[in-house]
Protein chains: 2
Amino acid sequence: MTGDGGTAGRGGKRRDAQRLTPAAVRVLETASELFYARGIRAIGVEAIAEEAGVTKKTLYDRFGSKDELIVAYLRARDALWRGTLVRYVEEQVRTPQEKLLATFDALRDWLRERNPRGCAFVNAHVELPADHPGQRVARDQKTWLLGYLRDLAAEAGAAEPEQLAGQLLILHEGASISHSLQAIPRAAERAREMAAVLVAQSLAPARVTAGTR
Amino acid sequence: MTGDGGTAGRGGKRRDAQRLTPAAVRVLETASELFYARGIRAIGVEAIAEEAGVTKKTLYDRFGSKDELIVAYLRARDALWRGTLVRYVEEQVRTPQEKLLATFDALRDWLRERNPRGCAFVNAHVELPADHPGQRVARDQKTWLLGYLRDLAAEAGAAEPEQLAGQLLILHEGASISHSLQAIPRAAERAREMAAVLVAQSLAPARVTAGTR
DNA sequence: AGGCGAGTATACTGACCGGTATAGCTACTG
DNA sequence: CAGTAGCTATACCGGTCAGTATACTCGCCT
């Protein structure tokens with residue numbers, strides 16, 4: 001027993017929903033699909049409720065408002081991608097620098113499988129107003145990824161992990177968008193090729209020195 | 001010569017508005033600012049008309065519908081960015097490979113000056129439904145940029161211009177998005193650094209004898 | 001036994017938004 | 001001089017959408 005039980009002493013009505021009811025799970029799953037596939041602003045709560053086989057009342061009882069549902073959607077997606085990425089990277093025995101490159105393999109699979117519209121956080125950032133709580137989730141996601149890449153870069157012995165991580169993040173975002181726009185075939189693979197060059201360069205004492213400064 | 005992107009209107013109706021009336025110019029300028037700054041879906045025609053000092057009737061007389069106004073906005077922005085980029089690249093005497101890198105300097109200035117929300121076409125692509133006519137304008141923009149980069153790459157004597165152009169496009173998009181998300185400071189500069197490495201590598205492979213023509 | 005959490009069903013409100021209608025004004029031009 | 005292009009002003013329509021209200025059912029847990 002977590003002991004948190006609802007001993008009525010609390011005035012505030014908490015709806016944080018750590019544990020979701022079955023209906024809430026369906027709502028969240030449906031919302032995730034529709035928000036991602038057709039855009040957050042483009043889809044209404046009515047459509048979500050209907051598609052989830054739930055009444056609007058239930059939706060509002062569980063999530064409080066569309067804005068909160070949006071945040072829940074982004075958080076769920078955040079957790080999903082983090083898990084997928086880290087699992088992919090750690091899955092096999094790899095050298096640290098192979099791990100850095102493996103993040104692009106993970107991205108390739110992720111985009112290929114069921115994410116034609118690119119990064120949900122970038123999309124949310126574009127769609128939502130600047131002061132929407134979802135913006136924070138989106139930024140946190142990028143901050144986390146940057147940190148993860150930095151850690152891997154440091155582990156690999158990069159000369160300047162922070163800088164390399166920044167470069168790789170740009171490649172991730174660029175590949176994601178280019179895929180979504182269908183501007184370039186196999187964008188993730190191309191980003192990986194670039195990453196390979198940069199990682200190699202960052203690990204080898206400067207030789208090329210393209211330094212136009 | 002880049003095969004120009006085309007965008008030739010097929011069997012267009014009237015109201016193509018090559019020459020805009022003074023009121024139409026104000027509407028388009030206002031719409032451009034508001035659509036870009038706050039999002040296409042977030043802003044209504046009423047707000048645009050009011051801000052432009054124009055009645056809704058005039059707006060509809062000139063542009064027909066919000067969708068057509070959106071297309072006009074995207075086309076105008078397309079022309080603006082193409083002009084700015086090409087002018088920047090051709091402005092000074094540069095070697096072909098300096099031109100490739102200069103596109104990132106142009107991007108840096110563009111983002112720094114008045115475009116904190118990144119690429120308007122990426123934003124439009126995210127905001128608009130898949131079958132919206134604006135999607136075509138957005139894709140054409142990317143196709144043009146890819147072609148422009150390919151031509152510069154070929155001019156510079158890159159081993160595989162198409163491939164290099166694709167890489168550089170990914171870098172452009174990645175820098176743009178990273179800037180917009182404020183995930184990385186000086187994203188365009190970092191993208192330029194990466195581009196420098198890739199360009200150097202693309203020109204140097206298999207002892208090219210560096211025929212600096 | 002009974003209370004409550006979770007849910008269904010349906011109807012409703014209030015705001016906003018894209019687009020239309022009507023009426024009138026001014027300046028140019030054939 | 002009359003017609004028309006370009007414009008203002010205002011009111012209105014129909015639809016959509018977030019969110020609320022009411023009333024009722026079912027099953028679990030004290």
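What you see is a predicted model, and the numbers here were worked out from it, not measured in a lab. Below, each value reflects all heavy atoms present in this structure, side chains not excepted, and no hydrogens, waters or symmetry copies.
In terms of polar N and O atoms assigned as donor or acceptor, the side chain of A:Lys56 comes within less than 3.5 Å of the base of D:dG19 in a complementary pairing.
Within the structure, every side-chain polar atom (N or O) of B:Arg62 is placed at least 4.0 Å from both OP1 and OP2 of D:dA5. For the OP1/OP2 pair of D:dC7 and a distance below 4.0 Å, the side-chain nitrogens and oxygens of B:Thr21 include at least one atom meeting the criterion. Side-chain N/O atoms of B:Thr58 include one lying less than 4.0 angstrom from OP1 or OP2 on D:dT8.
One can place CD1 of A:Ile48 at 11 Å from P of D:dC17, the figure rounded to the nearest angstrom. Regarding B:Glu50, its CD atom lies at a distance of 14 Å from the C1' atom of C:dC17, rounded to whole Å. Between B:Leu69 atom CG and C:dC17 atom P the separation is 15 Å, expressed in whole Å. Atom pair A:Asp61:CG and D:dT22:P shows a separation of 14 Å (rounding to whole Å applied). Protein atom CZ of B:Arg41 is 14 Å distant from nucleotide atom C1' of C:dC16, rounded to whole Å. Counting to the nearest Å, the P atom of D:dA5 and the CG atom of B:Leu20 are 17 Å from each other. Remark: P of D:dT16 and CD of A:Glu46 are 11 Å apart, rounded to the nearest angstrom. Atom pair A:Phe63:CZ and C:dA6:P shows a separation of 13 Å (rounding to whole Å applied).
No side-chain donor-acceptor contact under 3.5 Å links A:Ser202 to the backbone of A:Leu198. In terms of modelled atom types and a separation under 3.5 Å, the side chain of A:Arg139 and the main chain of B:Gln182 share a donor-acceptor contact.
Note that the CG atom of A:Leu74 and the CG atom of A:Leu69 stand 9.5 Å from one another [nearest 0.5 Å]. To the nearest 0.5 Å, atom OG1 of residue A:Thr55 and atom CD of residue A:Glu50 are 12.0 Å apart. To the nearest 0.5 Å, the span separating NE2 on B:His132 from CG on B:Asp67 amounts to 3.5 Å.
Comparing D:dC7, C:dT8, C:dG18 by their closest approach to the side chain of B:Tyr60 singles out C:dG18.
Looking at which nucleotide of DNA chain C each of B:Lys57 and B:Asp67 is closest to, the 5′-most match is held by B:Asp67.
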